[in-house]
Amino acid sequence: MTEVSTAAVEGYVAGKWAIDPVHSEVGFSVRHMMVSKVRGRFAEFSGEIVTGQNPLESSVSADIQLSSIITGQEQRDQHIRSADFFDVEKYPTMTYRSTGVRADGGDYIVDGDLTLKGVTKSVALKLELNGFGPDAYGGTRAGFTATGEINRKDFNVSFDAPLQNGGVVVADKVTVQLEIEAVLEA
């Protein structure tokens, strides 16, 4: 891998980080009824980030509890938990495991394997390093923003309800948005 200078990232700290779920959000948006977007998030998730001396040698792993979905409407959340969408009884967890990091101008791309409903596909996430610094408890924190897109049908999330005038109730493209705060462990 190409060496990337950590001097370009203010206060960069190499180490092992635990995702702080209280100060993080794992969310998504998807077009609904062909006219608007529904946003949702997962309330229960965990993960580990390892920032390497060379940022390109960093890694991330995350586990998301699919039953913890929140879209702001309980009936919809129950439907998404059902076999029509996530089938949380059979597939309770979605996972992401990075396979590499590459530079993208001043930002980075994290390549990784996303597993959902028993299907694993490669998913790239555009990553911003938001900063590193001390917290109020004598520890060190880091912030990351990551975004990407998936096609839900690639993961067998294939519920389709056609609209009378054409189109479908739920679009295939899902935008993933992550706001992650992590605490240095080692």
Check: [Y] and [X] side chains under 4.5 Å, non-hydrogen atoms:
| X | Y | result |
| --- | --- | --- |
| Leu116 | Arg152 | no |
| Phe45 | Leu178 | no |
| Ile180 | Ile49 | yes |
| Lys121 | Ile150 | no |
| Ser58 | Tyr108 | no |
| Val38 | Gln73 | no |

Of all the heavy-atom pairs spanning [X] and [Y], show the shortest one and how long it is.
| X | Y | value |
| --- | --- | --- |
| Ser29 | Lys37 | OG-CD, 4.2 Å |
| Ile19 | Ser24 | CG2-OG, 3.8 Å |
| Pro55 | Tyr12 | CA-OH, 3.6 Å |
| Arg141 | His23 | NH1-ND1, 4.0 Å |

### Task
With side chain to side chain contact (heavy atoms under 4.5 Å, CB included) as the test, would you mind laying out the steps for Met94 and Phe42 before giving the verdict?
CA-CA 11 Å; Met94 174 172 46; Phe42 296 93; 4.1 Å; yes
### Query
Is the backbone N or O of Ser68 less than 3.5 Å from a side-chain atom of Gln65, with the two atoms forming a donor-acceptor pair by type?
no
### Task
Verify the neighbour count for atom CD of Glu89: are there more than 12 heavy atoms of other residues, nucleotides or ligands below 6.0 Å?
no
### Message
Counting only heavy atoms not in Gln75 (residues, nucleotides, ligands), do more than 12 fall under 6.0 Å from its CD?
### Response
no
### Message
Walk me through whether Val60 and Val101 qualify under side chain to side chain contact (heavy atoms under 4.5 Å, CB included).
### Response
CA-CA 10 Å; Val60 62; Val101 178; over 6 Å; no
### Task
Describe, in one word, how the ring planes of Phe144 and Trp17 are oriented to each other, choosing from parallel (under 30°), tilted (30 to 60°) and perpendicular (over 60°).
perpendicular
### Message
Looking only at side-chain N and O atoms, does Asp77 offer a donor or acceptor that is under 3.5 Å from a partner on Thr71?
### Response
yes
#### Entry: Check: Asp113/Thr120 side-chain N/O donor and acceptor closer than 3.5 Å
no
### Task
Determine, using the 4.5 Å side-chain heavy-atom cutoff (strictly less than), whether Tyr96 and Ile109 are members of one ILVMFWY cluster.
no
### Message
Rounded at 0.5 Å granularity, tell me how far CD in Glu48 sits from CG in Asp63.
### Response
10.5 Å
